[in-house]
Amino acid sequence: LLILIYWPRVTQKVPSPFVALILMTSVVYFFNLPVDTIGSRFGVISGAIPAPQFPHISLPMIRMLMPSVFTIAVLGAVESLLSAVVSDGMIGGKHRSNMELVAQGIANIAIPLFGGMPATGAIARTATNIKSGGRTPIAGIVHALTLLLILLAFGHLASMIPLAALAAILVVVAYNMSEWRTFRSLLKAPKSDVIVLLTTFILTVVVDLTVAIEVGMVLAAFLFMRQMASVTNVSVITREMEDSDIPADMSKLVIPEGVQIYEINGPFFFGAAETFTQTIASVGDFPRVLIVRMRNVPAIDATGMKVLSDIRKRVRHGKGRFIISEIHSQPYIALDGSGFLKELGEENLAPTIEEALARV
C-alpha cells in the first residue's frame with residue numbers, strides 16, 4: 001500500500017501496481033513468508049488456453065439468470081463508456097461509443113465459452129495506462145498481449161503473487177473509483193437525482209448490486225417521466241387573444257367566433273396527456289372548430305395519439321371540425337402509421353396556424 005501511494009512521486013513511467021506486485025512477490029518468495037498466494041488459494045494457473053465448452057441452456061436457467069445478466073450488461077456498457085470518456089478527457093481524444101460496445105459485445109459472447117469472466121473497459125487500468133504514456137490503441141494491444149503471455153508462459157510465476165498485495169491494489173483502485181468528492185457534490189443536485197443516488201447506494205451496501213441497479217434504473221425512469229410531464233404544458237391561445245399581452249406571432253391573427261386554438265408545448269406522451277384532457281375539459285362545451293397547434297411537440301406516444309383520436313371523435317360527434325397545425329416529423333409519422341391522419345383527412349392538417357385559420 002505504501003508503494004502504491006509513494007511510488008508515483010519517484011516516477012510515473014513505471015506503474016506503481018506493477019512495482020508493488022514484483023517487489024512483494026519477490027519478498028514473499030525469497031523470505032518464504034507464510035501468506036496466502038494465488039497458487040495456495042486457487043491452485044497453479046494453467047499455462048494453456050481452455051478448450052471451448054458450450055454450456056447447457058434451459059428456460060429455467062434463463063429465467064433465473066436474466067436479472068443478473070441484464071445488470072451486468074448495463075454495468076459493463078456504462079463502465080466501458082465512462083472509461084472511454086475519462087480517457088478522452090485525459091488525452092483530448094474522441095472515442096467511438098458504438099464501436100466500443102460492439103467490440104465488448106463480441107468479446108463477451110466468446111469469453112464464457114473459454115470459462116472467462118465478463119470483460120469491460122477498466123477505468124483504473126485505462127488511467128494508469130495513460131499516465132504511463134499510452135496514447136493509442138497500441139497500448140491496449142500490448143496490455144492484452146502481456147496478459148496472454150503471462151497466462152501461457154508465466155502462469156507459475158503469477159501463482160506466487162500474494163493475495164495481500166492484490167488486496168492493497170484493490171483498496172487503492174476502489175478509493176480512486178469511488179470519487180467521494182463527486183458523491184458529495186451530487187448531494188447538492190436536484191432532489192430527484194439525490195433520491196436515485198442515495199437509494200442505489202444504500203441498496204448496494206445493504207442488499208446487492210443487482211437489486212440496486214434494477215431499482216435505481218426504474219426509479220430514475222419514473223422520475224424522468226415525471227420531469228417530462230411537468231415541462232409539457234397546454235395553453236389556450238384563444239384566451240391569450242383577449243389579454244393585453246399578446247404573443248408576437250399571434251398579434252395579427254383573426255380568430256372567428258366559435259373557434260378554439262390550443263397549443264401543446266413539450267413531448268406529448270402519457271405523462272402529459274392528462275394535462276391536455278383537463279385543459280380542454282375546463283373550457284366547457286366543444287367549439288365548432290378546434291385547432292391544436294403542435295409546433296413545439298417533438299415526440300408523441302400511443303397515449304397521446306389515443307387522446308387526439310378521442311377528441312377528434314367527440315368534435316365530430318358534435319358536428320364540429322378538428323384541425324392540427326404545424327406538426328413535426330416524428331408525430332406525423334406516428335399519427336400516419338396509426339391511421340389517425342387518414343381518419344382526420346388531409347384537409348384538416350395545416351402547415352401553419354395562419355393557413356389553419358384561413359381554411360376555417
Side-chain angles (χ1 to χ4, degrees), residues 62-83 85 97-98 101 104-105 118 120 123 177-235 262-282 292 294 296-311 327-331 333-335 337-338 340:
I62 293 176
R63 289 175 177 172
M64 179 183 69
L65 295 178
M66 187 57 68
S68 298
V69 168
F70 178 76
T71 301
I72 292 173
V74 171
L75 285 175
V78 169
E79 183 175 10
S80 293
L81 294 179
L82 182 58
S83 175
V85 170
S97 56
N98 288 341
L101 296 181
Q104 180 184 316
T120 72
I123 300 174
M177 291 179 65
S178 68
E179 299 188 8
W180 62 269
R181 294 180 181 85
T182 303
F183 188 99
R184 185 177 62 183
S185 65
L186 284 175
L187 295 176
K188 302 176 183 178
K191 291 182 179 179
S192 58
D193 294 332
V194 175
I195 291 172
V196 174
L197 173 69
L198 294 179
T199 301
T200 307
F201 176 75
I202 292 172
L203 288 176
T204 300
V205 176
V206 177
V207 188
D208 62 46
L209 187 61
T210 302
V211 174
I213 292 296
E214 291 173 350
V215 174
M217 289 185 64
V218 171
L219 185 59
F222 278 129
L223 291 172
F224 175 76
M225 287 185 284
R226 178 178 176 273
Q227 290 173 345
M228 287 296 99
S230 65
V231 300
T232 302
N233 64 79
V234 180
S235 59
Y262 293 84
E263 182 167 12
I264 305 173
N265 297 292
F268 193 37
F269 70 119
F270 65 88
E274 183 65 20
T275 303
F276 183 59
T277 305
Q278 290 176 354
T279 303
I280 289 185
S282 65
V292 176
M294 299 181 64
N296 295 321
V297 179
I300 189 172
D301 72 349
T303 306
M305 292 189 292
K306 178 68 166 55
V307 169
L308 291 179
S309 179
D310 290 343
I311 292 175
I327 187 172
H328 286 286
S329 57
Q330 191 278 340
I333 294 172
L335 291 171
S338 68
F340 174 82

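Looking at Phe70 and Ile213, their side chains never come closer than 4.5 Å, going by heavy atoms from C-beta outward. Between Met294 and Val292, some side-chain heavy-atom pair lies under the 4.5 Å cut-off. Contact of the Phe269 side chain with the Met225 side chain is registered, since non-hydrogen atoms from C-beta on lie closer than 4.5 Å. Side chains of Pro67 and Glu214 form a contact here, defined as non-hydrogen atoms less than 4.5 Å apart. Within the 4.5 Å cutoff, no side-chain heavy atoms of Val215 are placed close to those of Thr200. Between Leu197 and Asp193 the shortest side-chain heavy-atom distance does not fall below 4.5 Å. Side-chain contact between Val196 and Phe224: absent, with no pair of heavy atoms (C-beta onward) separated by less than 4.5 Å. The closest side-chain heavy-atom distance from Val207 to Ile202 is not below 4.5 Å.
Heavy-atom minimum distance, Pro298 versus Pro267: CD-N, 3.9 Å. For the pair Val74 and Met217, the tightest heavy-atom approach, listed with the atom from each and the gap, is CG1-SD, 3.9 Å. For Ala212 against Thr204, the heavy-atom pair with the smallest separation is CB-OG1, 3.1 Å.
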Carefully, step by step, assess Ile264 and Asn296 under the rule side chain to side chain contact (heavy atoms under 4.5 Å, CB included). CA-CA 7 Å; Ile264 305 173; Asn296 295 321; over 6 Å; no
Side chain to side chain contact (heavy atoms under 4.5 Å, CB included), that's the test. Do Asp208 and Leu203 meet it? Break it down for me. CA-CA 6 Å; Asp208 62 46; Leu203 288 176; over 6 Å; no
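Shown here are the side-chain contact (heavy atoms from CB on, under 4.5 Å) partners of Ala77, two or more places apart in sequence or in another chain: Leu101. Val69 is linked by a side-chain contact (heavy atoms from CB on, under 4.5 Å) to Leu65, counting only residues two or more places apart in sequence or in another chain. The ring-ring contact (aromatic ring centres under 6.0 Å, His included) check on Phe340 picks up nothing, with sequence neighbours excluded.
In this structure, CG in Leu75 is found 10.5 Å from OG in Ser80, a value given to the nearest 0.5 Å. Atom OH of Tyr262 sits about 7.5 Å away from atom CZ of Phe276, to the nearest 0.5 Å.
No donor-acceptor pair under 3.5 Å is formed between the side chain of Ser83 and the backbone N or O of Glu79. Distance alone, capped at 3.5 Å, is enough to place a donor-acceptor pair between the Gln330 side chain and the Ile300 backbone.
Partner of Phe268 under the side chain to side chain contact (heavy atoms under 4.5 Å, CB included) criterion, out of Val307, Thr303, Asp301: Val307 alone.
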